[in-house]
There are 2 protein chains.
Amino acid sequence: MYIILVYDFGENRVAKALKTCRKYLTWVQNSVFEGEITEGNLKKLKIELGNKMNKDEDSLIIYTLSKNKYINKEIIGFEKNKPTVFF
Amino acid sequence: MYIILVYDFGENRVAKALKTCRKYLTWVQNSVFEGEITEGNLKKLKIELGNKMNKDEDSLIIYTLSKNKYINKEIIGFEKNKPTVFF
């Protein structure tokens, strides 16, 4: 399946969330990740993030998309994860 | 069409971006909005945000989804836009 994941974690938990998400998904912007992921890995990711978050303050949204992913993705402005910069 | 919009704007431009997005979409988390939008309004929204952003620093991603929206949306943790709080 293909997912878009956005998190809003408290300042002292953001770095851990970033590190965890990077293991499974591609970073696209600030606290936004996306990518193809197996059901098993999504389960793992949710457990790992769940252990790191403060559920009274932090928020995590996971959009599961169809196989076609999205119809279109438009990036305006600075593309923060330009492959030339990060790979 | 249905869109998910995520922005990453510099601190002194965030409030303006938030205000602009609220005119057209539903706020879901931090710098994430979503909603049904006409092509005309999307054009307006992009122009308005484009005028407010610094294109060398700020980033805006617009995912356009099919009519079926997403297959699933899961919110873990604190649901920041609970209707009881905001309406």
Side-chain angles (χ1 to χ4, degrees), chain A residues 1-11 13-14 17-18 20-21 26-35 37 39 42-43 45-82 85, chain B residues 1-11 13-14 17-18 20-21 26-35 37 39 42-43 45-82 85:
Chain A
M1 72 188 84
Y2 198 91
I3 67 167
I4 299 171
L5 181 153
V6 289
Y7 62 73
D8 183 6
F9 277 27
E11 215 175 318
R13 293 177 295 279
V14 158
L18 185 87
T20 303
C21 290
T26 304
W27 179 70
V28 286
Q29 186 207 77
N30 197 13
S31 50
V32 185
F33 285 79
E34 60 175 283
I37 192 166
E39 218 159 306
L42 179 57
K43 210 175 266 181
L45 174 59
K46 286 198 284 190
I47 291 169
E48 289 179 41
L49 284 176
N51 289 338
K52 287 174 178 71
M53 79 193 293
N54 175 338
K55 281 179 183 153
D56 296 326
E57 290 181 17
D58 301 340
S59 169
L60 172 67
I61 301 177
I62 298 169
Y63 296 99
T64 307
L65 307 183
S66 71
K67 277 180 191 163
N68 300 329
K69 302 197 280 176
Y70 31 73
I71 294 171
N72 185 46
K73 176 185 175 183
E74 185 175 4
I75 300 171
I76 300 167
F78 187 63
E79 193 178 343
K80 303 215 168 180
N81 74 335
K82 267 189 188 150
V85 177
Chain B
M1 69 189 86
Y2 199 90
I3 67 167
I4 299 170
L5 181 153
V6 289
Y7 62 74
D8 183 6
F9 276 28
E11 214 175 320
R13 292 178 295 277
V14 158
L18 185 85
T20 302
C21 290
T26 304
W27 180 72
V28 286
Q29 186 206 76
N30 198 11
S31 50
V32 185
F33 285 79
E34 60 176 282
I37 192 167
E39 218 160 305
L42 179 56
K43 210 174 266 181
L45 174 59
K46 286 198 285 189
I47 291 170
E48 288 179 41
L49 283 176
N51 289 339
K52 287 174 178 70
M53 78 194 292
N54 175 339
K55 281 179 183 153
D56 296 327
E57 289 181 17
D58 301 339
S59 170
L60 172 67
I61 301 178
I62 297 169
Y63 296 98
T64 307
L65 307 182
S66 72
K67 278 181 192 164
N68 300 328
K69 302 197 282 178
Y70 32 73
I71 295 171
N72 185 47
K73 176 185 176 182
E74 185 175 5
I75 300 170
I76 300 167
F78 187 63
E79 193 178 343
K80 303 216 171 180
N81 73 335
K82 267 187 187 150
V85 177

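We use all heavy atoms of the structure for the numbers below, so side chains are in, but hydrogens, waters and symmetry mates are not. Each chain gets a letter, A, B and so on, in the order its sequence line appears, and its residues count up from 1.
Rounding to the nearest 0.5 Å places OH of A:Tyr7 at 14.0 Å from CD1 of B:Ile76. Remark: B:Ile4 CD1 to A:Leu65 CG distance equals 6.5 Å, nearest 0.5 Å. Put simply, CD1 on A:Ile62 and NZ on B:Lys73 are 12.0 Å apart, with the number rounded to the nearest 0.5 Å.
Of all the heavy atoms in A:Leu60 and B:Gln29, the pair that sits closest is N-NE2, 3.8 Å. Of all non-hydrogen atoms in A:Val28 and B:Ile61, the two that sit nearest each other are O-CD1, 3.9 Å.
Both the backbone and the side chain of B:Asn72 come within contact range of chain A, with heavy atoms under 4.5 Å apart. For a residue to count as touching a neighbouring chain, one of its non-hydrogen atoms must lie under 4.5 Å from one of that chain's; by this rule B:Val6 touches chain A with backbone and side chain alike.
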